[in-house]
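Working notes, beginning with the structure itself.
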Amino acid sequence: MSTSRDAEKRGKTVFRSSGPPSHPHQQRQQSSMASSDSTMSLNGQRQSVVLNGEPVVKRPRESALQPDPSLRIPLEPQNKVTVVLGAQWGDEGKGKVVDLLAMDADIVCRCQGGNNAGHTVVVDSVEYDFHLLPSGVLNKKAVSFIGNGVVIHLPGLFEEAEKNLQKGKGLQGWEERLKISDRAHIVFNFHQAVDGIQEQQRQQQEGKNLGTTKKGIGPAYSSKAARNGLRVCDLVSDFKAFEDKFRMLAEHFLTMYPKLNVDIDSELQQLKGFTERLRPLVTDGVYFMHKALTGSPKKILVEGANAALLDIDFGTYPFVTSSNCTVGGVCTGLGVPPSYVGRVYGVVKAYTTRVGVGAFPTEQDNETGALLQSRGREVGVTTGRRRRCGWLDLILVRYAHMVNGFSAIALTKLDILDTLSEIKVGVSYKVDGEPLPSFPANMDVLTRVSVDYETLPGWGCCTEAARSFEELPTQAQNYIRFIENFLQVPVKWVGVGKSRESMIKLF
């Protein structure tokens, strides 16, 4: 009979125990160890270890790589982005707020949307209209950046620049201070044509359309989501490869829309002409933002396009745009980590407007609405369409705050209310007499809501000359305080005119 001593003579490792293993896992562990190629002295001290026939060098524990102690201390971001977002259905006056903040900014960014956005900025009595260019491009000391979340119609971009150059000196040298992410998708002419066809089909099939700007934004984002879109990096890299992909994409849409009129060769020639002009502007957007956020101290401003109630996820779907125009779009549209998002300012018009179709609970299709439309010059910058007008809807703005977490509010166009003897503010919704606890997702429900209003006295005098909160009429001050108290968000600026100087800073 073989003994343990015999096994030792044969070079086997023997593990002795004073009793049976206390747990099945211990049995398996011992079995595994006994069948290994390890060798150990009888007194339990390891002499050598052999793994699969190869000796394993055991290093002293002290020589192991130790972690850098500084890595255990959480670091605050060097720079954070300041974000300006629309809190209603757009057209709140974001461009004016961005222009104000951009005066001492180092970088001004666009993170989503396309030339369906329209921002008007008045500087030195010159009115500039921007659709793709960030409003901060007027600051000659700042870099303007168009992020990867933006879809770019190149003919529209260069045409916009030329038109604004003819208006005044503000845009001189714009190409030297503009950067475009190489990951931004391109809107083609056939995207715009498809946009128009889709609207026509909706009208014929359902008797209503979405009221799009027909700028090709939806079809371009559809191409992006379908993974057959083309990006700026494709255009400035290998044009032959770009041409092949472009033809495939155009054929894809021609198959879907046989009546689509596409001049493929002409558009390719146009795009090739833009390539050399575009190439110096293109940069790796992720690396650009990373350097800006982690480098020397910088003021970085992000200009949102469209607004919260037009957001593809949180807006009044389906009457929305095709991008995320709430705060999440800043991270995905620029490559900015959430921890680098600083203050988020919501821009709120002192009343409510909406372009196109869709539910509008506080709309005033009457003399009041006509007065707001006329005094406010409520005509779309991009489309030229008259905007629908109504009372301020604080249920809607509170919902926008839930999604975005506003640090403060910029209240614009307060002066448009100057002639009203009383002003109503929407404070709650009801459906069939029952109060709604939150803003509804279903648009069929939203079209049926009745609005409970709070009526406040008007001030009946001109506020355009006011340059401080104290210079505003008492009733106007009370209107602002009412908004603050309802939203539990402070009002930081109040706009009482068109110029940069008409933005009153409260704190």
So do the side chains of [X] and [Y] get within less than 4.5 Å of each other, counting heavy atoms only?
X: Phe130; Y: Leu138; value: yes
X: Asn306; Y: Ser323; value: yes
X: Ile312; Y: Tyr221; value: no
X: Glu454; Y: Phe486; value: no
X: Val286; Y: Arg183; value: yes
X: Val97; Y: Met503; value: yes
X: Lys167; Y: Asp129; value: yes
X: Glu484; Y: Val489; value: no

Strictly by modelled atom types, are [X] and [Y] linked by a side-chain donor-acceptor pair under 3.5 Å?
X: Asp313; Y: Asn324; result: yes
X: Ser296; Y: Lys298; result: yes
X: Thr463; Y: Asp418; result: yes
X: Tyr317; Y: Asn442; result: no
X: Thr326; Y: Asp311; result: yes
X: Asn116; Y: Thr213; result: no
X: Ser223; Y: His185; result: no
X: Asp99; Y: Ser135; result: no
X: Lys498; Y: Ser502; result: no
X: Trp89; Y: Thr316; result: yes

Around [X], counting heavy atoms of other residues, nucleotides and ligands shown, do more than 12 lie under 6.0 Å from its [atom1]?
X: Arg385; atom1: CZ; answer: yes
X: Lys140; atom1: NZ; answer: yes
X: Asp365; atom1: CG; answer: no
X: Lys299; atom1: NZ; answer: no
X: Arg377; atom1: CZ; answer: no
X: Asp124; atom1: CG; answer: no

Original post:
Checking Asn139 side chain against Ala102 main chain: does a donor-acceptor pair fall under 3.5 Å?
Top reply: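 Present.
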
Original post:
What residue among Lys413, Arg388, Gln373, Arg386 forms side chain to side chain donor-acceptor pair (under 3.5 Å) with Glu378?
Top reply: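 Of the listed options, the one satisfying the test is Lys413.
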
Subject >> Test: Lys492 cationic atom under 6.0 Å from Phe507 six-membered ring centre, within 45° of axis >> reply: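 Yes, cation above the ring, under 6.0 Å and within 45°.
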
**OP:** Report yes or no: is the cationic atom of Arg387 (NZ for Lys, CZ for Arg) closer than 6.0 Å to the six-membered ring centre of Tyr351, at no more than 45° off its axis?
**Re:**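 No.
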
Smallest separation among heavy atoms of [X] and [Y], with atom names:
X: Cys109; Y: Ile300; value: SG-CG2, 4.1 Å
X: Leu278; Y: Val232; value: CD2-CG1, 4.1 Å
X: Pro337; Y: Cys331; value: C-SG, 4.3 Å
X: Gln88; Y: Val347; value: OE1-O, 4.2 Å

**OP:** State yes or no: are the ring centers of Phe158 and Phe274 separated by less than 6.0 Å?
**Re:**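 That pair passes the under 6.0 Å test.
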
**OP:** Take Thr368 and Trp391 through the side chain to side chain contact (heavy atoms under 4.5 Å, CB included) test and state the conclusion after the steps.
**Re:** CA-CA 9 Å; Thr368 301; Trp391 298 118; 3.6 Å; yes

**OP:** Would you please classify the geometry between the His401 ring and the Phe406 ring as parallel, tilted or perpendicular, with 30° and 60° separating the classes?
**Re:**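 Geometry flag for His401 against Phe406: parallel rings.
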
**OP:** Determine, for Asp432 against Arg448, whether the closest basic-nitrogen to carboxylate-oxygen distance falls under 4.0 angstrom.
**Re:**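 A salt bridge is present here (some side-chain N lies under 4.0 Å from a carboxylate O).
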
Original post:
With a 4.0 Å cut-off, would you call Asp452 and Lys430 a salt bridge?
Top reply: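 Yes.
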
